[in-house]
J.: 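Structure below; questions to follow.
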Amino acid sequence: MPRNIRSLLLDDLREWIDARGFESYRASQLAGWLYNRDLTAVEDMHNLPAALREAVSEDFGTSAPAIVRESVSADGTVKFLIGLDDDKVVESVLIPRDERLTLCISSQAGCSLGCDFCATAQLGLLRNLEPFEIVAQVLLARPRTGGHPITNYVFMGMGEPLANYDRLLSAIEIMTARWGLGISPRRITVSTVGLVPQLERLVKESSVNIAVSLTAASDELRDKLMPVNRKYPLDRLMAACRRLDLPRRKRVTFEYVMLAGINDRDRDADDLVRLFSGLAVKLNLIPFNAFPGSSYEPSPQDRIEEFRNRLLSRGVHTTIRISRGRDIDAACGQLAAAGH
Ligand code: SAH
């Protein structure tokens, strides 16, 4: 299949425009259509010459993903089921809260990491998303916010973003470039299970925020919950986090899914304190969201609060995530494009 025109960076567009013999200003004009508006069909890009539109269609794929279903939660969260060219689907979630409007973006259809507590893992990896399929999630959500600007973009949807590194980076480039969507990288967060080499690269190659999904403070437990830990055990992951050169964003953010009786005991909190010693962190506790076939129970709310207080009293900056969109299976760890 030819590359999709909507995955090209401005330099790639320029190179192609030159090679095809069109005037060079046509590259930014084309980028304007591709990235600054709705997902316009190439034949509707009316100020481009017909020959250029035809050349685009000859050399590239031009399709755009579309929303096939929209579900609205009682709490205002909206889940979009997005159809791709090959009939695969992914989900993205729009989460309003106070003054914030967060878009949760998918980076893969399915996921290969096999975390035991996550619904997406049950799908296995179906495939990586192309840059245009990542960016399209933003372009599709924007006109559906009732006029509110999206304030935060989080790669916390389906898939492991750092397992799709090059395409993720191109998507981030399109999202943040002036010629692209012009989003500030400070508004973007990439969440990862902790693929160490890619994590180190991302910090060098972009200035987006990073969140590391930890969920266990000992190798013994993390090996069981997150098989990736056998490849990148905690000492390696934490050493990498200590080395990350985070100039403006001083703290590393960690996420921790609270599983009743598994990782929510006092001694787990004490292990976390030890793990974080000497490192400026922000810890976000996520109440476990159940899904069909899941074998864990959520920690009771008062246990989550005690756990947080224990960490706070030892100087670990800890917050509790308020789960949204559970009634439409849109909360963390529930995205499995079920019922499609
Ligand atoms: N693969 C990346 C991006 C997905 S983010 C990552 O793991 O970071 C999804 C977040 O939701 C992760 O922090 C993950 O640990 C968490 N999560 C997964 N399953 C969950 C569940 N059932 N309930 C609550 N949170 C879950």
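What you see is a predicted model; the values in this text were computed from it and never measured. Numbering of ligands and ligand atoms starts at 1, following listing order. Heavy atoms only: backbone and side chains are in, while hydrogens, waters and symmetry mates are out. For this chain, numbers begin at 1 and follow the sequence in order.
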J.: Would you please determine whether Pro298 falls within less than 4.0 Å of ligand 1 on a heavy-atom basis?
T.: no
J.: May I ask you to decide whether Arg222 forms a salt bridge with Asp219, counting only side-chain N to carboxylate O separations under 4.0 Å?
T.: no
J.: Ligand 1 versus Glu255, non-hydrogen atoms closer than 4.0 Å: side chain, backbone, both, neither?
T.: side chain
J.: Gly159: heavy atom below 4.0 Å from ligand 1, yes or no?
T.: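 Judged by the 4.0 Å heavy-atom criterion, Gly159 does count as contacting ligand 1.
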J.: Around atom 12 (C) of ligand 1, find the nearest protein heavy atom and jot down its residue, atom name and distance.
T.: Ser213 OG, 3.2 Å
J.: Just let me know how Val257 lines up against ligand 1, side chain, backbone, both or neither, with a heavy-atom cut-off below 4.0 Å.
T.: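 Only the side chain of Val257 comes within reach of ligand 1.
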J.: Has ligand 1 got any nitrogen or oxygen that is less than 3.5 angstrom from a nitrogen or oxygen of Phe288?
T.: no
J.: For ligand 1, which atoms, with element, lie under 4.0 Å from some heavy atom of Cys118?
T.: 18 (C), 19 (N)
J.: Below 4.0 Å, non-hydrogen atoms only: which portion of Pro287 touches ligand 1? Side chain, backbone, both or neither.
T.: backbone
J.: For Glu160 and ligand 1, does the shortest N/O to N/O distance drop below 3.5 Å?
T.: yes
J.: Is it true that Asp271 and Ser218 share a donor-acceptor pair across their side chains at a distance under 3.5 Å?
T.: no
J.: What atoms of ligand 1 come within less than 4.0 Å of a heavy atom belonging to Ser191?
T.: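 Near Ser191, meaning under 4.0 Å from one of its heavy atoms, ligand 1 has 2 (C), 3 (C), 5 (S), 6 (C), 8 (O).
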J.: Spell out, as yes or no, whether a donor-acceptor pair under 3.5 Å connects the side chain of Lys79 to the backbone of Ile328.
T.: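 It does hold such a pair.
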J.: Relative to each other, are the rings of Tyr296 and Phe288 parallel, tilted or perpendicular (30° and 60° limits)?
T.: perpendicular
J.: With a 3.5 Å cut-off and no angle check, do the side chains of Asp327 and Ser73 form a donor-acceptor pair?
T.: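 There is such a pair (donor and acceptor under 3.5 Å, judged by atom type) between the side chains of Asp327 and Ser73.
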J.: Validate the cation-pi geometry between Arg37 and Trp33: distance from NZ or CZ to the six-membered ring centre under 6.0 Å, angle to the ring axis within 45°.
T.: yes
J.: Please answer: with hydrophobic residues joined when any side-chain heavy atoms are less than 4.5 Å apart, are Leu169 and Val154 in the same cluster?
T.: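 Shared cluster, no.
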J.: Identify, by atom number and element, the atoms of ligand 1 in contact range of Asn289, meaning under 4.0 Å from any of its heavy atoms.
T.: 21 (C), 22 (N), 23 (N), 24 (C)
J.: Regarding Asp270 and Arg310, does a basic nitrogen lie under 4.0 Å from an acidic carboxylate oxygen?
T.: yes
J.: Salt bridge check: are Arg20 and Asp59 linked by an N-O gap of less than 4.0 Å?
T.: yes
J.: Has the side chain of Arg144 got a donor or acceptor atom that lies under 3.5 Å from a matching backbone atom of Leu140?
T.: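 Flag set: sc Arg144 to bb Leu140 pair under 3.5 Å.
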J.: Answer with side chain, backbone, both or neither: which part of Thr192 has a heavy atom less than 4.0 angstrom from an atom of ligand 1?
T.: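 Thr192 to ligand 1: backbone contact only, side chain stays beyond 4.0 Å.
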J.: Closest non-hydrogen protein atom to atom 4 (C) of ligand 1, residue and atom name please, with distance?
T.: Gly157 O, 3.6 Å
J.: Please identify which atoms of ligand 1 are closer than 4.0 Å to at least one heavy atom of Ile286.
T.: 13 (O), 24 (C), 25 (N)
J.: Purely on distance, is any nitrogen or oxygen of Phe117 under 3.5 Å from one on ligand 1?
T.: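 So ligand 1 has an N or O lying under 3.5 Å from an N or O of Phe117.
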